[in-house]
2 protein chains.
Amino acid sequence: MSTHSFTEENYLKLIYALVSRGADEVSTNALAEVTATRAASVTDMLKRLADKQLVHYRKYQGVRLTDEGERLALTIIRRHRLWEVFLVDKLGFGWDQVHEMAEELEHIRSDELVERLDSFLGNPQFDPHGDPIPTPAGHMPAAPSQKMADLLPNESACLLGVLDHSAAFLQHLDRSGLVLGCTVNVSEISPFDRSMRVTIPPGQTLFVSYDVARNLLVGPTKA
Amino acid sequence: MSTHSFTEENYLKLIYALVSRGADEVSTNALAEVTATRAASVTDMLKRLADKQLVHYRKYQGVRLTDEGERLALTIIRRHRLWEVFLVDKLGFGWDQVHEMAEELEHIRSDELVERLDSFLGNPQFDPHGDPIPTPAGHMPAAPSQKMADLLPNESACLLGVLDHSAAFLQHLDRSGLVLGCTVNVSEISPFDRSMRVTIPPGQTLFVSYDVARNLLVGPTKA
DNA sequence: ATAAATTTTTAGATTAGACTAAAAAAAGTT
DNA sequence: AACTTTTTTTAGTCTAATCTAAAAATTTAT
């Protein structure tokens, strides 16, 4: 039942994010970058987190989360994503507007609140960007990994998520009419710039640049 | 657009609460009591709030809010009460469970969030305890002021709010079947202990102690 | 109106979380 | 292998919000 500061929670979340997208251990500088602080501040915090047994830390060697640290990181990510669903589904915010608010809401410290929110939202499996919502016990479900850019001509797929979460990218998708859950069919790929001609229901055709296609996650169509 | 710390917001809210229930100015000791800190800490904070023009403060004389301080206090109270409505109406919490969570939620800093929440909840005028919800512009609507203990035999009234917000009191009301909005009719008042015999729909009779009756707010029946 | 009690303020410390500047370790280059 | 560059850590400082102990102002009581 010990309680952690907002700052500590944010470090855990960010360490999780950095580890899960590649490296085995996270460097001090990488953390300084994502926390928007200096390396010296990061070192301080890592020592504190190590004292609390939330990370494994060896000088000059980088960090990784302990089991308890990972469990905690995942409950925070769970809260973040559930609040995003609330903001979009219930309050009508756009998926490009909710990140900052969820950054604050994720720190509200009541497990019962989170579980009631979860049922109120209908136990969603994914957040508005298609990211999977961790279980209450702290397990991260598998996420789709195939990119739209990997599709071949004549293949169809279901649009499931985004890799780039920036407001600019999300707004671009809005303007293009690309919505999560929609079925896309690749009719042609330009050999020159790898841009795709795709059709989406109801029979609409659009061009998707490679830069966009490699930031979109797809899966098998529901058919 | 300047931003204030949680702590500053809490001081403002508590100063408002103390002023509105009596005294013209609030003493350092009274604030130390409600903030659960020491007088010396309060003095420090009052200086900081005075620097930010949120309170009028003169040494040894107590404090009161500036117009800007009061406006801010009321937006925080507005947020608190709206979140309480959300927790009770949408998530199904009991009215005795929501205070602590709302204490955290009230500090989420997005005006658009609050206004969208307000519409989502159907623009409620009162929180689950019958306290009026301040307007977005920072105006506190009038609250009912008549106490159930002031009713005379044979008078009827509508139960509108509570003065005591403790979980113990609220749970007592739950066990008694006293619900906000219900019509109460006083059939008899004991001259000995001022306890009341009241009837509530559907034709149920119960005894209400003076201690309970003076913590209940009533108004004219809707009829 | 003077002394005693209470309240409030000052002075000086502490903690979390940040900072800068400098030292130490690791990695990269000839 | 030795030198250079980069990364990380240490050492010392800063701010917000707290604390204790002591001093100052106000209030109460004789």
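Order of the sequence lines sets the chain letters (A, B, ...), proteins ahead of strands, with each chain counted from 1.
A:E84 and A:R81 are not joined by a salt bridge, as no carboxylate oxygen comes within less than 4.0 angstrom of a charged side-chain nitrogen.
Among B:D131, B:D111, B:D118, the one residue that satisfies the salt bridge (charged side-chain N to carboxylate O under 4.0 Å, His left out) test with B:R78 is B:D118.
Remark: P of D:dT15 and CD of B:E8 are 15 Å apart, rounded to the nearest angstrom. For the pair A:L46 CG and C:dA18 P, the computed distance is 11 Å after rounding to whole Å. Going from atom NZ of A:K47 over to atom C1' of C:dA18 covers 14 Å, rounded to whole Å. Rounded to whole Å, the distance from NZ on A:K52 to C1' on C:dG17 is 12 Å. Between the NE2 atom of B:H4 and the C1' atom of D:dA17 there is a distance of 17 Å, given to the nearest Å. Between B:L31 atom CG and D:dT18 atom P the separation is 12 Å, expressed in whole Å. Spacing between atom CD of B:E9 and atom C1' of D:dA17 amounts to 15 Å, rounded to whole angstrom units. Summarising the geometry, the separation between CG on A:D44 and P on D:dC14 is reported as 16 Å, rounded to the nearest angstrom.
Judged by the 6.0 Å and 45° rule, B:K90 forms no cation-pi pair with A:F86.
When side chains are defined from C-beta on, A:Y11 counts as touching A:T7, because their heavy atoms get closer than 4.5 Å.
Ring geometry for B:F6 versus A:F6: interplanar angle over 60°, hence perpendicular rather than tilted (30 to 60°).
Note that CE of A:M101 is 9.0 Å distant from CD of A:E104, once rounded to the nearest 0.5 Å.
In the set C:dA18, C:dT7, D:dT10, C:dT7 carries the atom at the smallest distance from any side-chain atom of B:N29. Comparing atom distances between the A:T7 side chain and each of C:dG17, C:dT9, D:dT18 picks out C:dG17 as nearest. The side chain of A:R48 sits closest to C:dG17 out of C:dG17, D:dT18, C:dT8.
Considering only side-chain N and O atoms, B:Y11 lies nowhere under 4.0 angstrom from the phosphate OP1 or OP2 of D:dA16. The phosphate of C:dT9 (OP1 or OP2) has a side-chain N or O of B:T43 nearer than 4.0 angstrom. Within the structure, a side-chain polar atom (N or O) of A:S41 is placed less than 4.0 Å from OP1 or OP2 of C:dC19.
Looking only at atom types and distance, the side chain of B:N29 has no donor-acceptor partner in the side chain of B:S27 under 3.5 Å away. At a cut-off of 3.5 Å, with distance as the only test, no side-chain donor of A:S209 or A:D211 sits close to an acceptor on the other residue.
Among the heavy atoms of the strands, none lies under 4.0 Å from A:F6. Using a 4.0 Å heavy-atom criterion, one finds that A:T37 contacts the sugar-phosphate atoms exclusively. Across all strands shown, A:T28 has heavy atoms under 4.0 Å from sugar-phosphate atoms exclusively, and none from any base.
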Give each protein N/O atom lying under 3.5 Å from an N/O atom of nucleotides 21-28 of chain C, with the pair distance.
{"unit_1": "C:dA25", "atom_1": "O4'", "unit_2": "A:Y60", "atom_2": "OH", "d": "3.4"}

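Nearest-nucleotide assignment on DNA chain C puts the 5′-proximal partner with B:S27, out of B:S27 and A:R38.
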